[in-house]
Asks: 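Once you've had a glance at the structure underneath, I'll fire off some questions.
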There are 2 protein chains.
Amino acid sequence: MAEKDENSRTLNEREQSILHHVVQNYIQTAVPVGSRYISKHFESGLSAASIRNVMADLEEFGFLSHPHTSAGRVPTDLGYRFYIDYLMEMQQLSDEDKLKIQRRLDQAKDAEELLRETSKLLGKISHQLGIVTSPHLGSGIFEKIELIPITSSKLLVVISIRTGIVRTIMMEIGAEIRRDHLDEVSRLMNERLSGLTLIEIRDSFLDRIRDVQGEHTGLIRLFIESVDQLFTDSKEHDKVLIGGTKNIIDHPEFVDPKNFRSVIELIENEDIIVHLLEKHDELQKGFVVTIGSENKDETAKEYSFITGTYDAEGVTGRVGIIGPTRMNYSRVIPLVDYVAQTIAKMLSA
Amino acid sequence: MAEKDENSRTLNEREQSILHHVVQNYIQTAVPVGSRYISKHFESGLSAASIRNVMADLEEFGFLSHPHTSAGRVPTDLGYRFYIDYLMEMQQLSDEDKLKIQRRLDQAKDAEELLRETSKLLGKISHQLGIVTSPHLGSGIFEKIELIPITSSKLLVVISIRTGIVRTIMMEIGAEIRRDHLDEVSRLMNERLSGLTLIEIRDSFLDRIRDVQGEHTGLIRLFIESVDQLFTDSKEHDKVLIGGTKNIIDHPEFVDPKNFRSVIELIENEDIIVHLLEKHDELQKGFVVTIGSENKDETAKEYSFITGTYDAEGVTGRVGIIGPTRMNYSRVIPLVDYVAQTIAKMLSA
DNA sequence: GGTAAGCACTCATTGAGTATTAGTGCTCGC
DNA sequence: GCGAGCACTAATACTCAATGAGTGCTTACC
């Protein structure tokens with residue numbers, strides 16, 4: 001179908017078929033696959049020697065590689081890329097799995113728990129690391145704001161978003177502020193900001209509120225100064241939930257303690273993941289797959305990231321999985337896709 | 001000093017000394033320590049053979065054990081216990097470490113971040129897993145309650161505690177409730193509950209509020225039904241933050257992938273940790289150490305838990321570390337102690 | 001009775017050497 | 001272009017002996 005694509009044109013029918021088999025076999029067995037094996041099991045028409053020739057070509061193109069001379073072939077990141085883009089057939093998610101997901105996630109009592117459960121569930125079903133980023137509220141629609149004095153110097157700001165998600169921020173204030181002033185200011189903001197997204201508010205707050213004069217100036221100025229903190233997802237909040245560590249370590253790649261460390265590194269250093277997922281956010285288009293060295297970070301060079309977007313009325317985030325480049329893409333991608341849709345629905349409800 | 005204690009009386013001077021050396025040496029090197037080594041390095045007066053005799057006795061008492069015939073001795077959990085209770089000398093925390101702790105924790109912007117940083121920092125300095133439980137608010141002193149309608153069926157309850165900690169709970173309500181009713185009810189509760197601890201409130205809520213009649217009955221009934229959810233730390237909330245995984249895996253005990261799995265198991269299954277820490281809460285007395293099989297859980301049988309309490313005006317929790325039974329107790333205990341005191345101060349401020 | 005020297009014994013660890021095996025690359029005849 | 005054959009390579013697995021750390025026990029000494 002992708003005949004005219006540049007990449008695919010460089011491989012003829014036979015080369016594609018053999019690459020396909022090598023990748024699939026390697027994904028299943030984690031053992032470098034040899035020419036003889038392919039010949040016996042799949043391409044019965046061809047002898048091992050012929051397949052060796054094709055493999056040598058594929059290696060030259062950069063799709064396969066050799067751990068050492070006398071070993072079988074292993075896909076490179078480029079090999080996986082080609083496989084995913086042109087060869088792979090998606091595997092339907094089983095009804096059983098779908099049901100399991102529904103049932104498990106239905107039990108979550110709030111958004112926080114839903115996301116946490118999702119990460120664990122993804123990890124469990126995929127046998128990889130499940131990841132979920134907490135929602136970006138930026139495109140969520142402002143419903144209302146409430147100001148609650150906590151102590152003389154602390155003010156709790158509650159911003160509620162249309163989907164029913166609530167954000168609370170503790171603000172330091174200079175001096176105590178009278179309750180009726182707070183009420184007046186919040187009334188004012190609710191009036192003027194209703195229906196906008198948080199991003200719109202952040203960008204136009206000054207214009208919309210500037211004219212307020214009189215006894216509220218001090219309080220208003222405080223809000224103007226804090227507008228970023230209030231209406232932008234703080235870096236802080238850009239958290240990623242990771243679940244299912246114990247599922248991933250069964251993979252044969254983790255007999256090498258080096259890989260073990262790298263996965264721990266990833267889990268502890270959420271920043272790395274957050275950073276790599278920013279690229280996913282840019283790419284968007286349903287689900288995104290980045291394979292091994294396509295991830296710019298050194299620690300993540302052996303891992304693939306697969307994520308999809310969930311969008312609940314503007315409140316968006318990503319769900320997905322992380323695992324060794326050798327993973328069952330055809331199974332995992334539909335899984336991520338389905339889970340993303342499911343939690344989007346649940347968050348909107 | 002503990003001469004008359006039952007346990008210590010069973011060991012004479014020499015036995016204690018040798019046990020001491022074995023434990024210390026094993027903690028440092030992770031290598032079973034032999035009689036010859038002890039003779040050479042410490043008890044110069046005695047020959048290896050004599051030391052062997054003493055060791056054999058210590059083994060009979062259950063303080064030492066033998067991985068296999070031709071290996072040196074290794075402390076048992078009981079051996080560590082004796083060491084900690086009677087032999088060990090605490091190592092003062094260095095000023096440098098103290099400064100580092102102060103500086104790092106001072107940067108935290110809120111309680112949540114403070115606790116998270118603490119867990120990481122503890123992990124890093126101790127080279128073990130750092131753990132921090134989120135505060136139990138039960139003995140915290142009620143300051144006030146605020147009720148904020150979010151949607152027609154959702155009510156945000158904000159309870160603030162004297163130290164400035166705030167708890168927010170989303171409550172489902174049957175039907176929309178008029179704002180002035182909410183205000184009236186919260187005013188009432190604030191009036192009647194002020195100064196009590198959350199536990200006191202939970203236990204006496206009905207008595208204190210029962211007499212309210214008239215148009216608020218419905219709302220009041222709702223609160224009476226939800227009193228547990230509002231004023232008790234939900235199981236849910238009994239979270240434990242774990243930090244520093246990458247620090248712990250350098251220990252030689254983790255060359256065995258079996259141990260690797262068990263530590264992952266612990267990290268993923270917070271429940272296990274929470275449960276084991278309940279026992280610590282019972283024991284209290286500053287810091288608590290449980291060693292290996294003293295922890296009832298199978299997964300934790302190879303690990304020691306050391307925790308201390310932090311108490312910020314009734315808001316309490318535990319900080320500590322988890323690591324293999326072979327750990328530098330004399331260094332880690334003062335560390336945990338100091339950190340506990342530090343964050344208690346910071347949370348109270 | 002405590003101490004230590006001596007000796008036999010145990011068992012994990014190491015390293016060398018060897019065989020095995022999976023697989024390649026290349027050549028050559030069909 | 002295909003495939004059979006063969007030399008070559010490298011990892012892996014296995015055996016075997018040597019090493020060495022350390023114990024347990026017996027016995028002699030003070």
Asks: A:Ser35 side chain N/O closer than 4.0 Å to the phosphate oxygens (OP1, OP2) of C:dG23?
Replies: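 Result: no.
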Asks: To the side chain of A:Ser47, which of D:dA4, D:dT23, C:dT3 is closest?
Replies: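 Of the options given, the side chain of A:Ser47 lies nearest D:dA4.
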Asks: Take atom NE2 of B:His66 and atom C1' of C:dA12, then tell me their distance rounded to the nearest Å.
Replies: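 After rounding, the reported distance stands at 13 Å.
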Asks: Rounded to whole Å, please give me the gap between CD1 in B:Ile51 and P in D:dC25.
Replies: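 That distance rounds to 18 Å.
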Asks: Do B:Arg81 and B:Asp85 meet the salt-bridge criterion of a basic N to acidic O distance under 4.0 Å?
Replies: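 So B:Asp85 pairs with B:Arg81 through a salt bridge.
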Asks: Return yes if a side-chain donor-acceptor contact under 3.5 Å exists between B:Thr299 and B:Glu265, otherwise no.
Replies: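 No - no donor-acceptor pair under 3.5 Å links their side chains.
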Asks: With a cut-off of less than 4.0 Å, is there a side-chain N or O of A:Arg73 near OP1 or OP2 of C:dG23?
Replies: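 The answer is no; no side-chain N or O of A:Arg73 sits under 4.0 Å from OP1 or OP2.
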Asks: With nearest nucleotide decided by heavy atoms, which residue, A:Pro32 or A:Asn53, maps closer to the 5′ end of DNA chain C?
Replies: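 Result: A:Pro32.
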Asks: Among D:dG3, C:dG25, C:dA4, which nucleotide sits nearest the side chain of A:Glu59?
Replies: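 Closest nucleotide among those given: C:dG25.
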Asks: In whole angstrom, give the distance that lies between atom CG of B:Asp57 and atom P of C:dG1.
Replies: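 Spelled out: CG on B:Asp57 to P on C:dG1 is 15 Å.
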Asks: What's the spacing between B:Leu11 CG and B:Ser17 OG if we round to 0.5 Å?
Replies: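 Taking CG in B:Leu11 and OG in B:Ser17, the distance rounds to 11.5 Å.
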Asks: Can you tell me how far P of C:dA4 sits from CD1 of B:Ile38, to the nearest Å?
Replies: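 Value for this atom pair: 15 Å.
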Asks: Taking 4.0 Å as the cut-off, does a side-chain nitrogen or oxygen of B:Arg14 come that near to OP1 or OP2 on C:dT3?
Replies: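 Result: yes.
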Asks: How many whole angstroms separate atom CZ of B:Arg36 from atom P of C:dC7?
Replies: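 Taking atom P of C:dC7 as the reference, CZ of B:Arg36 is at 16 Å.
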Asks: Expressed in angstrom and rounded to an integer, what is the separation of A:Tyr37 atom OH from C:dT21 atom P?
Replies: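 Going from A:Tyr37 (OH) to C:dT21 (P), I get 19 Å.
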Asks: Between B:Glu15 (CD) and C:dT3 (P), how many Å, whole number?
Replies: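 Between P of C:dT3 and CD of B:Glu15: 11 Å.
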Asks: Within a strict 4.5 Å, meaning less than it, do heavy atoms of the B:Leu129 and B:Ile321 side chains meet?
Replies: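 Sidechains of B:Ile321 and B:Leu129: no contact.
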Asks: Looking at B:Ile249 and B:Phe254, what are the two nearest heavy atoms and their distance?
Replies: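 For B:Ile249 and B:Phe254, the tightest heavy-atom pair comes out as O-CB, 3.8 Å.
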Asks: With under 30° as parallel and over 60° as perpendicular, where do the rings of A:His21 and A:Phe42 fit, or are they tilted in between?
Replies: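 Plane angle under 30°, so parallel.
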Asks: Provide a list of protein-nucleic acid N or O atom pairs under 3.5 angstrom, restricted to nucleotides 28-30 of chain D.
Replies:
none

Asks: Please list, pair by pair, any protein nitrogen or oxygen found under 3.5 Å from a nitrogen or oxygen in nucleotides 7-11 of chain D.
Replies:
unit_1, atom_1, unit_2, atom_2, d
D:dT9, O3', A:Thr69, OG1, 3.4
D:dT9, O2, A:Ser70, OG, 3.2
D:dA10, O4', A:Ser70, OG, 3.3
D:dA10, N3, A:Ser70, OG, 3.3

Asks: Taking side chain as C-beta onward, heavy atoms only, is B:Glu15 less than 4.5 Å from B:Phe61?
Replies: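 Yes, side chains in contact.
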Asks: Report yes if a donor N or O on one partner sits less than 3.5 Å from an acceptor N or O on the other, where the partners are the side chain of B:Arg52 and the base of D:dG24; otherwise report no.
Replies: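 For B:Arg52, whose side chain was compared with the base of D:dG24, there is a donor-acceptor pair (under 3.5 Å).
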Asks: Check every strand shown and say whether A:Ala49 touches a base, only sugar-phosphate, or nothing at a heavy-atom separation below 4.0 Å.
Replies: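 Base, at least one base atom sits under 4.0 Å.
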Asks: Between A:Arg261 and B:Asp250 (salt bridge meaning N to carboxylate O under 4.0 Å), is one present in this structure?
Replies: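 Salt bridge present between A:Arg261 and B:Asp250.
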Asks: For the pair B:Val31 and B:Tyr26, evaluate side-chain contact (heavy atoms from CB on, under 4.5 Å) and give the outcome as yes or no after the intermediate values.
Replies: CA-CA 6 Å; B:Val31 168; B:Tyr26 184 65; 5.7 Å; no
Asks: Any chance the side chains of B:Asn328 and B:Ser330 put a donor and an acceptor closer than 3.5 Å?
Replies: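 Yes, B:Ser330 and B:Asn328 have a side-chain donor paired with an acceptor closer than 3.5 Å.
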Asks: In this structure, how many angstroms lie between the C1' atom of D:dC2 and the CE atom of A:Met55, rounded?
Replies: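 One finds 16 Å between C1' of D:dC2 and CE of A:Met55, rounded.
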